[in-house]
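Here is the structure we will look at.
Every chain is numbered from 1, with letters handed out A, B, ... down the list of sequences. This one's a predicted model, so the numbers in the text were calculated from it and none came from an experiment.
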Number of protein chains: 2
Amino acid sequence: MPVTQVARTNTKQELRSHAQRLFAKHGYDGVSMRDIAGSVGIRQSAIYNHFQSKQHLLVDLMVNHMHVMLDAMRVAIDFTATPKAQLESFARFHVNFQIDYSDAVFIAYMELRSLEDEGHASVVVLRDQYEQTLRGILDAGIEAGDFVVNNSSVVARGLLAMMTGVTVWYRPDGDLTRDEVTESYIATVLRAVGSK
Amino acid sequence: MPVTQVARTNTKQELRSHAQRLFAKHGYDGVSMRDIAGSVGIRQSAIYNHFQSKQHLLVDLMVNHMHVMLDAMRVAIDFTATPKAQLESFARFHVNFQIDYSDAVFIAYMELRSLEDEGHASVVVLRDQYEQTLRGILDAGIEAGDFVVNNSSVVARGLLAMMTGVTVWYRPDGDLTRDEVTESYIATVLRAVGSK
DNA sequence: GTCTATACTACGATAGAC
DNA sequence: GTCTATCGTAGTATAGAC
């Protein structure tokens, strides 16, 4: 074995994580199979031992990400709590998740357009489930008289966009701690629905 | 002149508008010079009579867009009015501008990463000026005791992200009129800063 | 100012040796 | 499972005729 090679035990997973980082930084069309292979230390053709095509690799990343996010969100929220408590949990979860998985989140948002038919449909279904969960919380709060929101659909999307945007500017070594950022977003979200 | 050709009076401007549409839809790296030329009805090489390179074309679009947006924003806001009135004007302007220039807005957000050194710096300066204007309005409102905001910088970016997101889902032929959408965002923004 | 033709580079994907 | 080699296509940009 040449000295430049490294014993590799999990090439497929390495390909996933390097591809995710590269797609987030340069975009799907801005990254070649040679770029991905190079960052893992193999030749481009060897990728095809793990993924059928570049498109299959993207679908793998995005569908997996959506499932991870949905599952984690459902665990993070106590759906028997008050709407206000649910909204606070949702916001806390969402902001922290964006920070923890910023590359995956960015790809899920940006590269929907790069997905072909079946992959695109799969991801949209999962994204809508996530969005509907927040909308349901808002509707429950309106029903209970806790929230003042004119249009739960518009506001749900607005709040998600606001919180998702944290990845654009937040840096772990910046002026604000992660908790300060999270609490700031939670406070803004609660005010935005007229609670607090 | 072959029948497939059309008398063209403003090829450069046509190239700008077609490139903008294509970049917004498929991304800078997802669009070729042949694609752009084809949509205008000329050959790819003829683009170089109007723009030095693909990169120069992108910079032209983005810098121009930022100037248009900044100038229009400064006209739309009465900076002698109350902070609340300024914030309402800002929100109304911003949401409507996103809707009117959704392609340019989307490119300005997404393709910053595709800009090389000088172009990138130019656009960032202009974007920061825009963001600082909103932050200044929030600070004035806090100073006056009209707004309740813990961190004007975080909230300013959050509100911008929220409003900019309108382009992701708004469609002129959708359920909501443009005015309903705008007023919904304005109400949410005002609540989010504790005013109203 | 647009055309045809082309230079040069890079792309995704496959074949076959090891 | 990775390698080298290669196929066929497409990318940006330029040269020179009209």
(request) Answer yes or no for K12(A) and F51(A): cation-pi contact, defined as NZ/CZ to six-membered ring centre under 6.0 Å and angle to ring axis within 45°. (result) yes

Round to a whole Å and report the spacing from [atom1] of [X] to [atom2] of [N].
| X | N | atom1 | atom2 | result |
| --- | --- | --- | --- | --- |
| D29(B) | dA10(C) | CG | P | 14 Å |
| L15(A) | dG1(D) | CG | C1' | 12 Å |
| H50(A) | dC3(D) | NE2 | C1' | 13 Å |
| L57(B) | dT12(D) | CG | C1' | 13 Å |
| I42(A) | dC3(D) | CD1 | P | 6 Å |
| F51(A) | dG1(D) | CZ | C1' | 14 Å |

(request) Summarise how protein sits on nucleotides 11-18 of chain C as a single string, 5' to 3': B when a protein heavy atom is under 4.0 Å from the base, S for sugar-phosphate-only contact, - for no contact. (result) BBBB----

(message) Treating K25(B) as the side-chain partner and V31(B) as the backbone partner, does any N or O pair qualify as donor plus acceptor under 3.5 Å?
(response) no

Please verify the inter-ring angle class for [X] with [Y]; under 30° counts as parallel, over 60° as perpendicular, anything in between as tilted.
| X | Y | result |
| --- | --- | --- |
| F93(A) | Y130(A) | tilted |
| F90(A) | H94(A) | parallel |
| H65(A) | F97(A) | tilted |

(request) Please identify each residue that fulfils ring pair (Phe, Tyr, Trp, His ring centres under 6.0 Å) with Y170(B), with sequence neighbours left out. (result) none

